[in-house]
Amino acid sequence: MRLLQLHTDFVEYCPVSKEIAQAEQDVSKEKVHLEDIVVTLVAIENGDDERLAKTAADEIRTYLAKLKTNRILIYPYAHLSSDLAPAESAIAVIKSIEKFARASGFDVYRAPFGWTKSFAVQVKGHPLSENFKHLLNSSDISATLASTPTGVLDGPREKVSVALSEEEKLESTWWILEPNGKMSPVADYDFKPSDMKLRNFVNYETAKRRAADEQPSHIKLMKGLGIADYEPASDPGNMRFYPKGKLMKSLIEQYVSREIARYGGMEVETPVMYDSKHPSMESYFNRFPARQYGLTSDNHRQLFLRFAACFGQFLMAKDFMLSYKHLPLRLYELTRYSFRREKSGELSGLRRLRAFSMPDCHAFCMDINQAKEELLKRFNLSSTVINSIGLSTSETLEMAIRFTQEFYNENRDFVIKLVGKFGRPVLVELWKKRSFYFILKWEFNFVDSTGKASALSTDQVDIENGSRYGIEFVAENGDKKNPVILHNSPSGAIERVIFALLENCSEMGTKGVKPSLPLWLAHTQVRIIAVGTRHLDKCKQICSELTEQKIRSDIDDRDESVSNKIRQSEVEWIDYTLVVGDKEIEAGVFVVRKRNQGQHTKVTISQLIDEIRLRTKGMPYLPLNLPAYLSSRPIIMA
RNA sequence: GGUCAUGUAGCUCAGCCUGGUUAGAGCGAAGGUUUUGUAAACCUUAGGUCGUGGGUCCAAAUCCCACCAUGACCUCCA
């Protein structure tokens, strides 16, 4: 038997229709509304009996005593278990629980068994407001313990997130907003040929339908190019990065961090784990309890791994002495990692992970006006960053803006201005009322060839956490006020950026273009091939010269034919391949093979340097993190 | 989380349906020959708990069950 107990402000449910033949009879279809009550969601499993019903009643009594309340709603809820008992015995056990609970003198309500019900519930925010138990008959316990890897039967793994179901049931409408300010319902919008990706994106977001397709193409590339791979010894969604992938990841991270520093972000570092009972943490923790990695430390202290940098930065900002003169205050951290225990079926390659690196930049603003002004700056920042990385806002990405009706009514011009900056029609999700801590958020979404959308850059306007975390600044008139907080990631998760770049490459491939990654992210920018061993000294000399100019090059010194070495260079998607033999050494002019042009050009080394420096201008450089000689390099991927 | 599919050498895969000698190939690796001119030189050798654990059977990579991992889809309902 599985019990999920929720201490709620209110619960509402309404039987809609019978789900199974054995459903209870004579059920009123009236909506039921109960306030200040413990909702006990219960799933009866195979082997559960009246004895266990008694145990459950004891469990409920203990919980109610802790909460100092005596009102309870017993609510049959199948999703808690994958080993459900047959309906007849389940209903008998549930009725027994009800009987025992009444006998304890509680005010007991029970929702009907076997019915489809709509329901709404508002869980109180306190740490004890959610409680999960997996109850077993004593004879079964040892067997179950033995078959459970950790020997632990309950814990956050089993929790059902009420916030998530709220998210799913959120009432919203979908629109297309054009840069000229024209807003039309999605159904009325006339998609032009240039809006193909937008239409795919809209389909994905509004229909929530996922077309049947094969495995995402970036997975093959991430392995084949030696970028990243699964690590079976870890939890799903925790990846390993090989040297080439690590270099690429570090370069992107450095670039994003540098641009945020230029914008004015103060880089900080905050802990990866937090006390789930800390008063400031409740609101966040309880929002997605089912998606946390939990762990226990000394003294049975319950900790959870952060899923964003918000906590650390908010707790830090709370301790700052802030005046309106300091605002907007910009804090930045690149989390390695943020953790989200996404449902296992939602993980996919580098697209969605459980541990990911997230640039997270918060701006604490005086008021909504300053926040709007700041949001525009950050839009420019995000736009510059994502375009420079190689994901184009004019071709590759689609924008979504989501806001409340109230915000739109008061800030219509501002919203249109934002869309104008993007320059193409965007998808709008209009919320009737605010259900989250933010009143507006926008994202750039990458739509892959299979029509799936993933958010990259994003910013949000948060009007709730300033007060929730007790962050205060002294206003011009001397009053203490809470700031409006913006949550921005200019690039989105770094792993997801790599996902998008790789998916982009495979799209190039289907269009007949040789796929290639941006030159500044290539592990090897120039591959130098020695025709014979006697040319190796010259190769080494060229390699040093390029390294001095901050160009990554390596030398294929293997005992292989020139053709074979050329092929190897192509397989590794290396942009420039230089063959060094007698002719070149004599003339001082080299024939370079350019991958993206598929042809050979005669160049001097200094011309080659100039070209590469031009193509990588303004982007960070890191030295090659592999041996320069291919003969001493391990084979990471075939 | 559920359903389905997949898991065989470092990599990519064949064999499984219809159980039966020492489980195959290509790439890669090692040793040797070759000193190479723009997408794969030649020869030889090594390399496998057939995802893990149970079961059926005289016999299991092959059939059955459970678990693990990956992928796709679904996540309605007690």
Side-chain angles (χ1 to χ4, degrees), chain A residues 2 13 15-20 22-24 41-45 74-87 90-91 93-94 110-119 147-149 157-161 164-165 168 208-216 219-220 223-224 226 229-237 290 341-349 351 450 452 514 527 529-536 556 558-572 574 577-584 590-595 598-600 634-638:
Chain A
R2 289 165 194 254
Y13 69 88
V16 177
S17 60
K18 280 186 195 170
E19 179 62 20
I20 51 174
Q22 304 90 326
E24 289 182 73
L41 303 174
V42 56
I44 308 302
E45 301 182 290
I74 298 171
Y75 194 104
Y77 197 70
H79 313 292
L80 296 174
S81 174
S82 53
D83 182 30
L84 295 170
I91 193 160
V93 173
I94 287 179
R110 186 170 64 78
F113 185 94
W115 284 70
T116 308
K117 299 181 282 283
S118 68
F119 88 114
S147 66
T148 309
R157 194 182 181 83
E158 306 295 341
K159 279 193 182 172
V160 165
S161 166
L164 276 185
S165 30
E168 281 154 13
K208 302 277 184 197
R209 191 190 67 86
R210 280 68 165 159
D213 29 57
E214 65 285 7
Q215 111 173 358
I219 294 178
K220 212 164 197 161
K223 293 182 184 195
D229 208 343
Y230 301 108
E231 175 49 78
S234 182
D235 198 44
R341 221 181 54 78
E342 305 288 8
K343 288 191 261 184
S344 59
E346 292 173 335
L347 303 169
S348 166
R351 179 172 179 257
T450 66
K452 295 193 180 209
K514 264 192 190 175
R527 166 67 45 86
I529 291 177
V531 172
T533 39
R534 67 176 179 279
H535 308 115
L536 277 173
D556 195 340
R558 296 172 307 151
D559 181 17
E560 293 289 347
S561 66
V562 171
S563 297
N564 185 298
K565 296 178 188 180
I566 296 285
R567 180 172 189 278
Q568 184 60 35
S569 182
E570 286 286 345
V571 165
E572 292 183 55
I574 293 168
T577 306
L578 210 59
V579 177
V580 177
D582 291 338
K583 284 184 276 180
E584 288 78 11
F590 297 83
V591 176
V592 68
R593 186 186 163 98
K594 296 185 186 178
R595 175 176 167 79
Q599 51 179 293
H600 309 165
I635 309 296
I636 292 169
M637 281 291 160

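For clarity, every value in this text was computed on a predicted model and none was experimentally measured. Proteins get letters first, then strands, A, B, ... in listed order; numbering begins at 1 in each. Below, all heavy atoms of this structure are taken into account, side chains as well, without hydrogens, waters or symmetry copies.
Residue-to-nucleotide contacts include no donor-acceptor pair under 3.5 Å from the side chain of Q568(A) to the base of G28(B).
If you take OH on Y77(A) and CZ on R2(A), they are separated by 14.0 Å, rounding to the nearest 0.5 Å.
The side chain to side chain donor-acceptor pair (under 3.5 Å) search around E584(A) returns none, not counting sequence neighbours. Not counting sequence neighbours, the partners of S234(A) by the side-chain contact (heavy atoms from CB on, under 4.5 Å) test are E231(A), N238(A). Legend: residues meeting side-chain contact (heavy atoms from CB on, under 4.5 Å) with E342(A), ordered by chain and number and at least two apart, are R291(A), R340(A), E346(A), L347(A), R352(A). Partners of K594(A) under the side chain to side chain donor-acceptor pair (under 3.5 Å) rule, at least two apart in sequence or in another chain, are E611(A).
As rounded to whole Å, 11 Å separates atom P of A69(B) from atom CG of L347(A). Taking atom CZ of R2(A) as the reference point, atom C1' of G1(B) lies 11 Å away to the nearest angstrom. At whole-Å resolution of the value, NZ in K220(A) and P in A72(B) are 14 Å apart.
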N/O contacts under 3.5 Å, protein versus nucleotides 45-53 of chain B?
none

So which protein N/O to nucleotides 33-36 of chain B N/O distances come out below 3.5 Å?
unit_1, atom_1, unit_2, atom_2, d
U34(B), N3, D559(A), OD1, 3.4
U34(B), N3, D559(A), OD2, 3.2
U34(B), O4, D559(A), OD2, 2.4
U36(B), O2', V562(A), N, 3.2
U36(B), O4, D559(A), OD1, 2.3

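In this structure, of A72(B), A39(B), G1(B), it is G1(B) that holds the atom nearest to the side chain of S344(A). Side-chain atoms of R593(A) lie closest to U38(B) of the nucleotides G37(B), U38(B), A40(B).
Shown here is K514(A), whose NZ atom has more than 12 heavy atoms of other residues, nucleotides or ligands within 6.0 Å.
Nearest-nucleotide assignment on RNA chain B puts the 5′-proximal partner with G345(A), out of K583(A) and G345(A). Heavy-atom distances to RNA chain B give each of Y230(A) and I566(A) a nearest nucleotide, and the one nearer the 5′ end belongs to I566(A).
Residue S569(A) is classed as having no contact, given no heavy-atom separation below 4.0 Å to the nucleic acid.
Looking only at distances, no side-chain donor or acceptor of D235(A) sits under 3.5 Å from a matching main-chain atom of G237(A).
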